[in-house]
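Below is one structure; the comments refer to it alone.
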Amino acid sequence: MSNVVCFLIKIFYVFLIFFAFQFSLQANVVCMCVTTPVTFLEVVDGDTIWVKKDGKKVVVEFEGIDAPELAHEENKTQDCLHDQKKAEKAHNLIQDILSSAKEVGLIIKEEKTEQELRAQVYADGLSVGQELLYKHLAVEGQGKWCEINGRD
């Protein structure tokens, strides 16, 4: 009887480890969606990048998220230092992710003009916007950053 109990306990732990491993993988789920391929050019700030799409330079605003803006004269105050640090971290994270990605793709949500898009941005199938949210460098919707956000 004790061999059966030991066996059941071992099975239980194996399943526990398996499920814990499965849940830890869900944070980095790769998008199985079809994206429009682009070439990453540069980061403007924590929620805006330049890409080359169909041979044209296009500015892309991340859809659905907002990150603090990089240094403007208006946000160099003492009250804005925390947001400024977040802006720099967001900029650096996007730069690292997109410059090292083999494939950068967009799910275009809105074409504002021929040279300005709002889109979800993916690097090797991972959502760059979600990474910003996971690291608390952006918020969903509109953030309240240093009182200049209304002019973004």
Side-chain angles (χ1 to χ4, degrees), residues 13-152:
Y13 284 120
V14 167
F15 279 112
L16 185 65
I17 291 169
F18 174 75
F19 285 118
F21 180 71
Q22 287 294 87
F23 286 124
S24 70
L25 288 179
Q26 287 183 354
N28 292 320
V29 174
V30 174
C31 176
M32 300 305 286
C33 47
V34 178
T35 60
T36 301
V38 295
T39 302
F40 168 67
L41 298 175
E42 83 180 270
V43 178
V44 176
D45 62 23
D47 54 16
T48 311
I49 60 172
W50 283 101
V51 299
K52 187 177 277 190
K53 177 183 171 285
D54 300 329
K56 296 178 183 172
K57 189 173 177 181
V58 178
V59 68
V60 178
E61 294 178 11
F62 286 46
E63 196 268 332
I65 68 165
D66 188 34
E69 301 301 314
L70 285 172
H72 295 290
E73 288 304 315
E74 299 95 317
N75 69 352
K76 288 186 178 178
T77 66
Q78 187 66 29
D79 294 336
C80 294
L81 286 179
H82 180 64
D83 289 346
Q84 189 60 47
K85 287 178 184 176
K86 275 189 174 189
E88 290 170 9
K89 286 180 181 181
H91 177 280
N92 294 339
L93 179 66
I94 294 169
Q95 180 68 39
D96 291 346
I97 291 172
L98 294 178
S99 63
S100 65
K102 293 178 183 156
E103 295 179 11
V104 177
L106 306 176
I107 295 179
I108 299 169
K109 298 297 184 174
E110 178 185 358
E111 291 191 38
K112 294 178 161 190
T113 68
E114 198 171 296
Q115 295 177 317
E116 189 176 358
L117 305 172
R118 186 177 305 268
Q120 295 173 349
V121 180
Y122 289 86
D124 296 329
L126 294 174
S127 171
V128 179
Q130 286 298 313
E131 288 298 313
L132 290 166
L133 292 171
Y134 292 149
K135 297 192 184 304
H136 304 287
L137 299 175
V139 295
E140 290 184 82
Q142 189 73 22
K144 296 182 179 178
W145 314 110
C146 295
E147 298 187 30
I148 70 159
N149 206 20
R151 292 180 265 160
D152 291 358

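Everything numeric here is computed off the predicted structure, so don't read it as measured data.
Atom CD of Glu110 has more than 12 heavy atoms from other residues, nucleotides or ligands within 6.0 Å. A 6.0 Å sphere centred on CD of Gln115 holds no more than 12 heavy atoms belonging to other residues, nucleotides or ligands.
For the atom pair Glu69 CD and Gln84 CD, the distance stands at 9.5 Å (nearest 0.5 Å). With values rounded to the nearest 0.5 angstrom, Thr39 atom OG1 is found 7.0 Å from Lys52 atom NZ. In this structure, CG on Leu117 lies 11.5 Å from OG1 on Thr48, to the nearest 0.5 angstrom.
When all heavy atoms are compared, the tightest approach of Gly46 to Ala90 is CA-CB, 3.8 Å. Nearest approach of Asp47 to Asp45, heavy atoms of both residues: OD1-OD1, 2.8 Å.
Pairs engaging residues 88-108 under the side-chain hydrogen bond (donor to acceptor under 3.5 Å, both in side chains) rule: none recorded [sequence neighbours left out].
Applying the side-chain contact (heavy atoms from CB on, under 4.5 Å) rule to Ala123 yields the partners Ile97, Leu98, Ala101, Val128; only residues at least two apart in sequence or on another chain are considered.
Each of Val139, Ile94, Asp66 was compared with Leu132 under the side-chain contact (heavy atoms from CB on, under 4.5 Å) criterion, and only Ile94 meets it.
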> So Val121 and Leu106, side-chain contact (heavy atoms from CB on, under 4.5 Å) or not? Walk me through it.
Replying inline: CA-CA 5 Å; Val121 180; Leu106 306 176; 3.8 Å; yes
Give the table of side-chain donor-acceptor pairs shorter than 3.5 Å for residues 53-65, with sequence neighbours excluded, one pair per line with atom names and distance.
residue	atom	partner	partner atom	Å
Lys56	NZ	Glu114	OE2	2.8
Glu61	OE1	Lys112	NZ	3.1
Glu61	OE1	Arg118	NH1	3.4
Glu61	OE1	Arg118	NH2	3.1
Glu61	OE2	Lys112	NZ	3.4

